Amino acid sequence: MEYTIEVMISRDRIEKKVKELAAQIEKDHKGKELIFIGLLKGSVVFMSDLIKEIKLPIMIDFMSVSSYGSGTKTTGIVKILKDVDFEVKDKELFIVEDIIDSGLTLKYVKEFLLAKGAKVVHICTLLDKPQRRKVDIKSDYVGFEIPDEFVVGYGLDYAQKHRNLPYVGKVVVRNGNQSS
Ligand code: IMP
Ligand code: MG
């Protein structure tokens, strides 16, 4: 598939938004100790920028999850490829994610962490595509709501590429023929 990438959210806008989100999280959690759990790999760029701006005692951990069932048909069942290392019982957690699409991944991971005894599980996501939601799940902190477009950059990939772009860009298919 031939495609180009058009800037949707510039580096400057992302930097500004990350600072705003960090300030809000800091204000809402004064005096608390938080564990930030990034979902690999998409959250890595966002999470590393975000945590540097929050002046609270933060510990970080990562999970790796993948949807069961190949291709575009998501079943809602998520396979845990890497679990958290920390004991999360009675802890206050933040799941950090690049984007909420159907919401299936975050709903599953949130319930999984609550089942392990976490006291609270907050969600912070850089992007949200509300039109695509299939299950009822809300992110407590959202950077940008975007339309139903496929985006890459700032952690997000297309076939594992473009995660290192410093902006979020829309994938635009060049020739009408979409047969990969
Ligand atoms: P959900 O379970 O449908 O909410 O899936 C969210 C996951 O789908 C994200 O963590 C991304 O890995 C992936 N995803 C959804 N939309 C996009 C996109 O526009 N670009 C890149 N990855 C996406
Ligand atoms: Mg992801």
Side-chain angles (χ1 to χ4, degrees), residues 1-25 36-54 60-76 78-79 81-82 94-110 122-135 137-180:
M1 181 178 86
E2 265 189 66
Y3 61 93
T4 52
I5 300 168
E6 279 176 11
V7 178
M8 181 189 270
I9 309 170
S10 69
R11 185 177 194 157
D12 281 0
R13 283 180 69 202
I14 296 173
E15 277 174 16
K16 199 163 161 257
K17 184 64 77 175
V18 167
K19 289 197 171 100
E20 281 170 25
L21 287 171
Q24 191 62 49
I25 290 170
F36 276 51
I37 299 170
L39 302 190
L40 294 170
K41 305 166 187 163
S43 70
V44 166
V45 179
F46 175 44
M47 178 142 130
S48 59
D49 283 347
L50 182 71
I51 58 173
K52 285 181 283 187
E53 302 292 335
I54 305 174
I60 64 168
D61 205 343
F62 293 95
M63 284 179 79
S64 180
V65 301
S66 78
S67 295
Y68 260 122
S70 57
T72 48
K73 280 250 169 10
T74 12
T75 53
V78 172
K79 191 168 153 193
L81 304 175
K82 186 216 165 291
F94 259 84
I95 305 173
V96 182
E97 176 62 313
D98 51 1
I99 188 164
I100 315 189
D101 189 37
S102 69
L104 291 163
T105 308
L106 279 171
K107 188 177 164 67
Y108 185 91
V109 172
K110 182 173 179 174
H122 307 282
I123 295 173
C124 178
T125 178
L126 177 72
L127 304 173
D128 185 1
K129 286 186 197 170
Q131 285 153 268
R132 298 261 306 169
R133 202 73 85 254
K134 287 200 190 113
V135 289
I137 180 113
K138 281 208 177 57
S139 183
D140 305 282
Y141 301 88
V142 175
F144 303 92
E145 280 194 4
I146 62 166
D148 182 10
E149 306 271 10
F150 197 82
V151 291
V152 293
Y154 201 70
L156 292 110
D157 73 304
Y158 171 62
Q160 296 301 325
K161 286 187 275 191
H162 314 301
R163 293 192 195 276
N164 56 320
L165 291 175
Y167 54 86
V168 170
K170 172 179 151 178
V171 172
V172 181
V173 180
R174 284 185 69 178
N175 49 357
N177 177 12
Q178 288 206 24
S179 57
S180 62

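As the structure is a prediction and not an experimental result, all values here were calculated from the model.
- Considering only heavy atoms from C-beta on, I123 stays 4.5 Å or farther from E97 through its side chain.
- Scanning both residues, V142 and S139, for their nearest heavy atoms gives CG2-CB, 3.5 Å.
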Please walk me through it: do F94 and I51 pass side-chain contact (heavy atoms from CB on, under 4.5 Å)?
CA-CA 11 Å; F94 259 84; I51 58 173; over 6 Å; no

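- Side-chain contact between F144 and R13: present, with at least one pair of heavy atoms (C-beta onward) separated by less than 4.5 Å.
- The aromatic rings of H162 and Y3 sit perpendicular to each other, their planes meeting at more than 60°, with 30° as the lower class boundary.
- Side-chain atoms of R163 and V45, non-hydrogen and from C-beta on, never get closer than 4.5 Å to each other.
- Of the inter-residue distances, the one linking K52 atom NZ with M47 atom CE reads 12.0 Å to the nearest 0.5 angstrom.
- A distance of 11.5 Å separates CD1 of I60 from CG of L50, quoted to the nearest 0.5 Å.
- A donor-acceptor pair under 3.5 Å is absent between the side-chain atoms of K19 and the main chain of E53, judged by distance alone.
- Within the 4.5 Å cutoff, the side chain of Y154 has no heavy atoms near those of the L127 side chain.
- Between I146 and V168 there is no side-chain heavy-atom pair separated by less than 4.5 Å.
- Across V44 and F62, no two heavy atoms sit closer than the pair CG2-CE2, 4.4 Å.
- Between S66 atom OG and K82 atom NZ the span is 14.5 Å, to the nearest 0.5 Å.
- For the pair D61 and M63, the minimum side-chain heavy-atom distance is 4.5 Å or more.
- The minimum heavy-atom distance between L156 and V151, with the atom names listed, is CB-O, 3.9 Å.
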Stepwise salt bridge (charged side-chain N to carboxylate O under 4.0 Å, His left out) check, D128 with R133:
CA-CA 9 Å; D128 185 1; R133 202 73 85 254; 2.7 Å; yes

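- The structure places CG of L104 at 10.0 Å from CD1 of I137, a figure rounded to the nearest 0.5 Å.
- Side-chain contact between K129 and I99 is present, with heavy atoms from C-beta onward closer than 4.5 Å.
- The heavy-atom pair separating C124 from I25 by the smallest distance is SG-CD1, 4.1 Å.
- Taking NZ of K138 as the start and CG of L106 as the end, the distance is 13.5 Å to the nearest 0.5 Å.
- Side chains of F46 and L21 form a contact here, defined as non-hydrogen atoms less than 4.5 Å apart.
- Atom NZ of K170 sits about 12.5 Å away from atom CD1 of I5, to the nearest 0.5 Å.
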